[in-house]
Protein chains: 2
Amino acid sequence: MRILIVEDEVGISNFLKQGLEEENYAVDVEENGKSGLELALSGEYDLLLLDWMLPGISGIELTRQFRVSFPDTPIIFLTAKDTVDETVFGLQSGANDYIKKPFHFEELLERIRVQLRNRSKENESLTLGPIRLIPQSFQVFKNSEEIPLTQKEFALLEFLIRNKNKVCRRTRIIESVWDIHFEYNTGVIDVFINSLRKKLNLQKDEDYIQTIRGVGYMAKEL
Amino acid sequence: MRILIVEDEVGISNFLKQGLEEENYAVDVEENGKSGLELALSGEYDLLLLDWMLPGISGIELTRQFRVSFPDTPIIFLTAKDTVDETVFGLQSGANDYIKKPFHFEELLERIRVQLRNRSKENESLTLGPIRLIPQSFQVFKNSEEIPLTQKEFALLEFLIRNKNKVCRRTRIIESVWDIHFEYNTGVIDVFINSLRKKLNLQKDEDYIQTIRGVGYMAKEL
DNA sequence: TTTATTCCATGCGAATTCTAATTGTAGAAG
DNA sequence: CTTCTACAATTAGAATTCGCATGGAATAAA
């Protein structure tokens, strides 16, 4: 998980960076509000830690502009201010949480975890009958037995399942899985379909990967 | 973090639910002991808040039955009783902490944090077969024999074990262990994997660090 | 400086991907 | 129903890619 810290007090940011890195987050630090916003807009980050007061532009303004492009990335404010009004103002501007300085590092960690847990649709899995494909961990199961697949086999199966119950033309498959965008007449697809069916050990009554003659293939829920 | 409150006094449970949700916990409330147990056994929750006296079955009995399936989920009792005997009895039945009514919400929050923190630390018994990795002391053991590792070796192994049984893409590894966020094609990972396998002296039948060709590596429990 | 760690460059070997030739089959045409 | 044709399935092996191991260079630490 990647976290961007925008904080002008080097002491704090170093402390945070070090601590968060020990927790396996990848951390970048930016001191200036303006360049912080630019970095944030790169879309590289899963969470922002913003100081309330920043040189350049304020954390609130940064949040407001950032939210236009990234409505879902969690933002946590680090703030010395504790008046209700300003806190409300901050949260209204699009932040998800705030923490008052000085704070315990553990408490910050917890808030970060909460935000990231809510946001990450963690184990998104694609299914096709007894077959379960997990894109993130690059694993395929059939009846909870793991099936080792090669890269291309995996990519092909993923494409088919994502287009479940839709016929996939050979040209579409070649485009998406092989990234070939011109007319290309080849037998690769057949070969990989073949090895997929083999590895998945599909029986006669398990016609999950169907051939559409003259067109392509279809992953079909039975 | 998901919390289940089992409490028959609606006033208290509403108060708790609202407060905890403001702290970004996901909260469910159940009034009845029996149905509370059923809900708890769904395994959806990271922590239980139980009233001592409940309609249906008592908090103690709930705890006892719940512990069979979930020995690690923290349980905090809310109790009006304050005799030492009964408290001891409650803790022996498998609760982790208790708090006497009436209580300050902040205090409850603190106890919840402590429990969740302890859990997440304890559950980080980072093991992989005979390999045990202790993040705090920066040590790695194999069969209680210490294996000296360098920083990067340690970081890499830690990352792999934290993602045990999941394939780690090279890009993720580079991101998390080396903190490099752009496309970077290099052989470093291979080199360190190599030295890890060497230092850990993995035999043929100890395929704990598996290569997923074209994708990355996976720490796998055999 | 010396020493240890991290990283780079290389060739080899092995797994994957692809080509191509053969065999099998569905469906149309007769 | 039989034959024919076009397409799909299967297989072997060629081509390619990728990971492994190694030695040593660059960098950081002592």
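By convention in this document, chain letters (A, B, ...) are assigned in the order of the sequence lines, proteins followed by strands, and residues within each chain are numbered from 1.
Nucleotide C/dT19 holds its P atom 11 Å from the CD1 atom of A/I189, rounded to whole Å. The NZ-C1' distance, from B/K198 to C/dT6, rounds to 15 Å in whole Å. Look at CZ on A/F192: it is 10 Å from P on C/dT16, rounded to the nearest Å. Between A/L149 atom CG and C/dT17 atom P there is a gap of 10 Å when expressed in whole angstrom units. Distance B/I173 CD1 to C/dC7 C1': 16 Å, rounded to the nearest Å. Spacing between atom NZ of B/K152 and atom P of C/dC8 amounts to 11 Å, rounded to whole angstrom units.
Atom CG of A/L49 is separated from atom CD1 of A/I5 by 5.5 Å, given to the nearest 0.5 angstrom. Here the CG atom belonging to B/L156 is positioned 10.0 Å from the CG atom belonging to B/L149, to the nearest 0.5 angstrom.
Exactly one residue among A/L196, A/L133, A/V177 makes a side chain to side chain contact (heavy atoms under 4.5 Å, CB included) with A/F154. That residue is A/L133. Among the candidates B/V215, B/I212, B/D190, B/V188, the single residue satisfying the side chain to side chain contact (heavy atoms under 4.5 Å, CB included) test with B/R170 is B/D190.
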Quiz item: Going through the checks in order, is the salt bridge (Lys or Arg N to Asp or Glu O under 4.0 Å) test met by A/E175 and A/R172?
Solution: CA-CA 5 Å; A/E175 263 182 29; A/R172 281 250 160 284; 3.2 Å; yes
Quiz item: How does each nucleotide of nucleotides 23-30 of chain C score, in 5' to 3' order, for protein heavy atoms under 4.0 Å: base (B), sugar-phosphate only (S), or none (-)?
Solution: ---B----
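Of the side-chain N and O atoms in A/T150, none sit less than 4.0 angstrom from OP1 or OP2 of C/dA15. Put simply, A/T186 has no side-chain N or O that comes within less than 4.0 Å of OP1 or OP2 on C/dC18. Within the structure, every side-chain polar atom (N or O) of A/W178 is placed at least 4.0 Å from both OP1 and OP2 of C/dT17.
The closest side-chain donor-acceptor pair between A/E61 and A/S58, if any, does not fall under 3.5 angstrom.
If you walk DNA chain D from 5' to 3' and mark each nucleotide with an atom closer than 4.0 Å to a heavy atom of chain A, the marks span D/dA6 to D/dT11.
Each of A/Q151 and A/R197 was matched to the nucleotide of DNA chain D holding its nearest heavy atom; the match closer to the 5' end belongs to A/R197. Between B/Y217 and A/D190, the residue anchored closer to the 5' end of DNA chain D is A/D190, taking for each the nucleotide with the nearest heavy atom.
Across all strands shown, A/F154 has no heavy atoms under 4.0 Å from either base or sugar-phosphate atoms. Here A/G214 lies in heavy-atom contact (under 4.0 Å) with sugar-phosphate atoms only.
Ring pair B/F192/B/W178 is perpendicular by interplanar angle, where above 60° counts as perpendicular and below 30° as parallel.
Crowding of B/E21 atom CD: a count of heavy atoms from other residues, nucleotides or ligands under 6.0 Å exceeding 12.
B/R162 has a carboxylate O that lies under 4.0 Å from a charged side-chain N of B/E158, or vice versa, which qualifies the two as a salt bridge.
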